[in-house]
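Here's the structure we're looking at; comments come further down.
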Amino acid sequence: MEVRVRYAPSPTGLQHIGGVRTALFNYFFAKSNGGKFILRVEDTDRERYSDESLQDLYDTLDWLGIKWDEGPVVGGPCGPYIQSERFSIYQEYAKKLVEMGKAYYCYCSAERLEALRQKQIEEKSPVQGYDGHCRNLTAEQRAELEAQGIKPVIRLKVPREGSTTFHDVLMGDITRDNKDISPDPVLLKSDGFPTYHLANVIDDHMMGITHIMRAQEWIPSGPLHVLLYQAFGWEIPTYCHLPMVMGNDGHKLSKRHGSTSVRDFRKKGYLPEALLNYVSLVGWSYDGEKEFFSREELEKCFSLEKINKAPGVFDYQKLDWFNAQYIRRKSDSELADLLMPYLVEAGLLEEGAKDRLLAFVPGIKDRITLLSDVVPMASFVKDSGEPEASLLIPKKMDATGTLDALKHVYDTVKVGLEAGKNDEELQQDLMDLATKLGIKNAGVFNPLRTAVTGMAVSPPPFSCIRLLGKEESYRRIERAISVLEKEIENV
RNA sequence: GGUUCCAUCGUCUAGGGGUUAGGACGGGAGAUUCUCAGUCUCUAAACAGGGGUUCGAUUCCCCUUGGAACUACCA
């Protein structure tokens, strides 16, 4: 039988790490089994729905390179794949359940329900949830309530006796006494839209979903869903509840732990391959040794058996490490293209200046963890004015010695640059110069660095000169020389 | 409160009746270097506790403890 799995998010917020992890595991499971990955939009909560969230869903999956076989935009044989467009289907099936005597209309007000809940919490009642108030309404009572214009909801009749068991690939059998299952949950809301439970079960069945892979937070509603499948007389899919993704305090990952939306990570300059690689390793491993996986590799080697049962803490530091690793694997040209938008946005570079950026890239490739790290490193492009003499003079050197060194450096650099030498050759020239002058390498490199960038810490001087351009670099070195000359005069 | 799930270094994990319990991030030390990074080498660091089963348990079973999730006309 063909494997058919789905990722079924609700567009009520930006895609976050936890959701993406679920999407990835479903996708990789489908691909590694030659099955289909289906995307379904569960937009039955009209209160919290937003177009932005829906767009963010598409953008996120695109960015990660995850293509869905069936779903919105691409269509498929089981459409529509957006639940709000399946409105009438849920109505029909909910009514069918009522006709079969497995569900009933409920007219209770939100106020009554709220009061009930408060009371249960205060009393620390072992039973929490609906009290079945409308379970046995007579036709007359119903007619009267209808006449008052009350829009009813439809609730499932959950058996009070017995227990319900479902099998989970990872967890084994999970059993719950029926009395502990959410008592008579709402299936169809008063606005006519289904709740998650109803829509989810109907769609998974109608779309031929074979495996339900979702986070462990859904375990408690497993028995309820099984009850629903049984009520309809449908086959129960295979369950696989994924370990949750936690923050460093051991609680479900959320905004208070830091960025969690993929959009944030993307904006900060994380690479999709790094995020995908790292997220795939939270709750899953291959052999405990190999840890670099491309999307294509994961599409082949992902397997359910290697999923961990215990929840995993999302480690921002390890993600950073992965990102730095992936940045280093980029070609200079690719990286330059990736970096350009950050520099343009910061007003440090013009769109067309890729050549200059390309020459700067080798100097920063090993120094950045996030793409956005390039901004502070290239900030010297904006002239911060005449540098302080003290900044120009290296430790254990004086103004006179520094001036002498910088003049020689200037000549050497200018000659080399005009002769078209590369960074390695220029570097060698300066090292030779230091030897000739009888000073340490730092004595030539540091004055050059501070003269050109105005910073004590910077990428290699020649990389900076490439980014800045020859003429501006010469101007800054000349300026530094005059600063030193003035300094000597004043003493 | 009730229900369910979970438990190997700080973190992600490998392993599995007999191992020096392996790897990675992070930490520490050293080397390299023009600053900062990076890179390389070395290093500290774990089977939650108690009972069983067994010749032998970190591994299998039970209990305890700890943690988490759920408990909506949200998903």
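In what follows, chains are A, B, ... by sequence order, proteins preceding strands, each numbered from 1.
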Out of A/Lys179, A/Arg160, A/Arg155, which one pairs with A/Asp184 under the salt bridge (charged side-chain N to carboxylate O under 4.0 Å, His left out) rule?
A/Arg160
Identify the nucleotide, in any strand shown, that forms a Watson-Crick or G-U wobble pair with B/G2, with both distances under 3.5 Å; if there is none, say none.
B/C70
Is A/Arg48 near enough to B/A75 that one of its side-chain N or O atoms lies under 4.0 angstrom from OP1 or OP2?
no
Contact class for A/Gln83 (heavy atom, under 4.0 Å): base, sugar-phosphate, or nothing?
nothing
So what does A/Gln128 touch, heavy atoms closer than 4.0 Å: a base, only the sugar-phosphate, or nothing?
base
Angle between ring planes, A/Tyr316 versus A/Phe314, binned at 30° and 60°: parallel, tilted or perpendicular?
perpendicular
Touch class at under 4.0 angstrom, heavy-atom based, for A/Pro9 against every strand present:
nothing
Check the geometry between A/Trp321 and B/C25 and answer yes if their rings are stacked (centres below 5.5 Å, planes below 30°), otherwise no.
no
Does the side chain of A/Lys189 get closer than 4.0 angstrom to OP1 or OP2 of B/C74 through an N or O atom?
yes
Any side-chain donor-acceptor pair under 3.5 Å between A/Arg449 and A/Ser458?
yes
Over how many whole Å does the gap from A/Arg6 atom CZ to B/A75 atom P extend?
14 Å
What interatomic distance, in whole Å, is found between P of B/A45 and the corresponding atom of B/G51?
26 Å
Between B/G1 and A/Ser125, is there an OP1 or OP2 to side-chain N/O distance shorter than 4.0 Å?
no
Re B/U41: Watson-Crick or G-U wobble partner, both distances kept under 3.5 Å, found to be B/A29
Using a cut-off of less than 4.0 Å, is there contact between a side-chain N or O of A/Arg176 and OP1 or OP2 of B/C70?
no
At less than 4.0 Å, is any side-chain N or O atom of A/Asn308 found next to OP1 or OP2 of B/A14? Yes or no.
yes
Do A/Asp320 and A/Thr369 have side-chain atoms, one donor and one acceptor, less than 3.5 Å apart?
no
Would you say B/A72 has OP1 or OP2 under 4.0 Å from some side-chain N or O of A/Arg112?
no
Does A/Lys252 have a side-chain nitrogen or oxygen under 4.0 Å from the phosphate oxygens OP1 or OP2 of B/A75?
no
